[in-house]
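So that the names make sense, note that chain A is the first sequence line, chain B the second, and so on, each numbered from 1. This is a predicted model, so every value here is computed, not measured.
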Protein chains: 2
Amino acid sequence: MRIGELAARAGTTTRTLRYYESRGLLSARRAVNGYRTYDEEDLKLLRQIRTLQDFGFDLEETRPFVECLRAGHPEGDSCPASLVVYRRKLAELDELIEQLTSVRAQVGAQLARAEAAVPGGPEPKCELGGHA
Amino acid sequence: MRIGELAARAGTTTRTLRYYESRGLLSARRAVNGYRTYDEEDLKLLRQIRTLQDFGFDLEETRPFVECLRAGHPEGDSCPASLVVYRRKLAELDELIEQLTSVRAQVGAQLARAEAAVPGGPEPKCELGGHA
DNA sequence: TCTTGCCTTGACGTCCGCGTCAAGGCTTAC
DNA sequence: GTAAGCCTTGACGCGGACGTCAAGGCAAGA
């Protein structure tokens, strides 16, 4: 299959495929007229890359998975190097989620404080002081 | 004070201050020799910007806070426009944290599956089948 | 006077994953 | 023949928040 079809089947663009090739992630045979030619195995590689990209992996981080598949393994994560990336990414995600949760709490606290200070904003639902 | 001192007191660089000025966030008086001149109020503005930046706010999102302070309010979030940004940012953070948590779970599951398939990796601590 | 250390503006570089345009070649349908 | 729809390489653009370099002016101390 040619680049347009591969891109369509993977839900991406030809530009993206050429970019991956320039990064050494996806190689292509060439037809006599110079057109890139791909097979089902390339589609598998490409889908592996896209899945990891959707997870937020850097392109470089997908390389071990691609090389693993190229080496003939059934899955991109059938190799130790891929597992290392998984573990590192998990640690990064945990760190990031923790930071964002902390920021969320701080921003939430700021909002609550500011709303309390601005009359007419929060529309207080309970009257804390005084009965009249 | 001049730009170098302001930058140092806010823990940033002169380049950053000039960038903020180019974005219209931080204005400066000029000394007769052309040097930028700042006062304590500018430091307050700058610290407001830096705090929000550290929280992950875009520069544009800090603008309402800066304008609020410039308008004479005691805090950058003493104005409704700032509260709107707070609320939007909270929603964005919630959305992002949710997405990252989902990705974390999926990556974790992939890792577990891959480790189970690669012998010698996870070093199983319990023997699930057989008693001997 | 000369050096040192501030300051000025202007402009290009960085990172990343592509988007988009230019200029042209191949193949097939009409 | 020619138009349409593929494909090729090359190269600039983008977004965001600056970093970094260039070339030069200003002020103060030895």
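Between A:Arg47 and A:Glu40 there is no salt bridge, since no side-chain N of the basic residue sits under 4.0 Å from a carboxylate O of the acidic one. Remark: B:Arg29 engages B:Asp42 in a salt bridge, criterion side-chain N to carboxylate O under 4.0 Å. Ion pairing between a basic and an acidic side chain is recognised when a charged N comes within 4.0 Å of a carboxylate O; B:Glu92 and A:Arg104 show no such pairing. Salt-bridge annotation for A:Glu75 and A:Lys44: absent, with no side-chain N of the basic residue lying under 4.0 Å from a carboxylate O of the acidic one. Ion pairing of B:Glu21 with B:Arg36 is present here, as a side-chain N (NZ or NE/NH1/NH2) and a carboxylate O approach within less than 4.0 Å. In summary, B:Glu60 and B:Arg88 do not engage in a salt bridge, as defined by a charged side-chain N under 4.0 Å from a carboxylate O.
For B:Glu21 and C:dC7, the CD to P distance is 13 Å, given to the nearest whole Å. The distance between atom CG of B:Leu17 and atom P of C:dC6, rounded to the nearest whole Å, is 15 Å. Following rounding to the nearest Å, B:Arg30 (CZ) and C:dC7 (C1') show an atom-to-atom distance of 10 Å. Atom OH of B:Tyr38 is separated from atom P of C:dT8 by 7 Å (rounded to the nearest Å). In this entry the distance linking CZ of A:Arg18 with P of D:dG10 reads 12 Å, nearest Å. Rounded to an integer number of Å, the gap from B:Glu5 CD to C:dG5 P is 18 Å.
Position along DNA chain C of the nearest nucleotide to A:Thr12 versus B:Ile3 favours B:Ile3 as the more 5'-ward residue.
A heavy atom lying under 4.0 Å from DNA chain D marks none of the residues of residues 63-70 of chain B.
Between A:Thr13 and C:dG19 there is a side-chain polar atom (N or O) within less than 4.0 angstrom of OP1 or OP2. A close approach under 4.0 Å does not occur between any side-chain nitrogen or oxygen of B:Asn33 and OP1 or OP2 of C:dT8.
A:Gln106 and A:Ser102 are linked by a side-chain donor-acceptor pair at a separation below 3.5 angstrom, with hydrogens and angles left out of the test.
Residue A:Arg2 has its side chain nearest to D:dC7 when only D:dC7, C:dC7, C:dT9 are considered. Relative to the side chain of A:Arg36, the nucleotides C:dT9, D:dC26, D:dT9 differ in distance, and D:dT9 lies closest.
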Mind listing the N/O atom pairs, protein and nucleotides 12-17 of chain D, below 3.5 Å?
unit_1 : atom_1 : unit_2  : atom_2 : d
D:dA17 : OP1    : B:Leu59 : N      : 3.1

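At a threshold of 4.5 Å between side-chain heavy atoms, the hydrophobic network of Ile, Leu, Val, Met, Phe, Trp and Tyr places B:Leu69 and B:Phe65 in two separate groups.
Seen from the ring of B:Phe57, B:Lys89 counts as a face-on cation partner, given the 6.0 Å and 45° thresholds.
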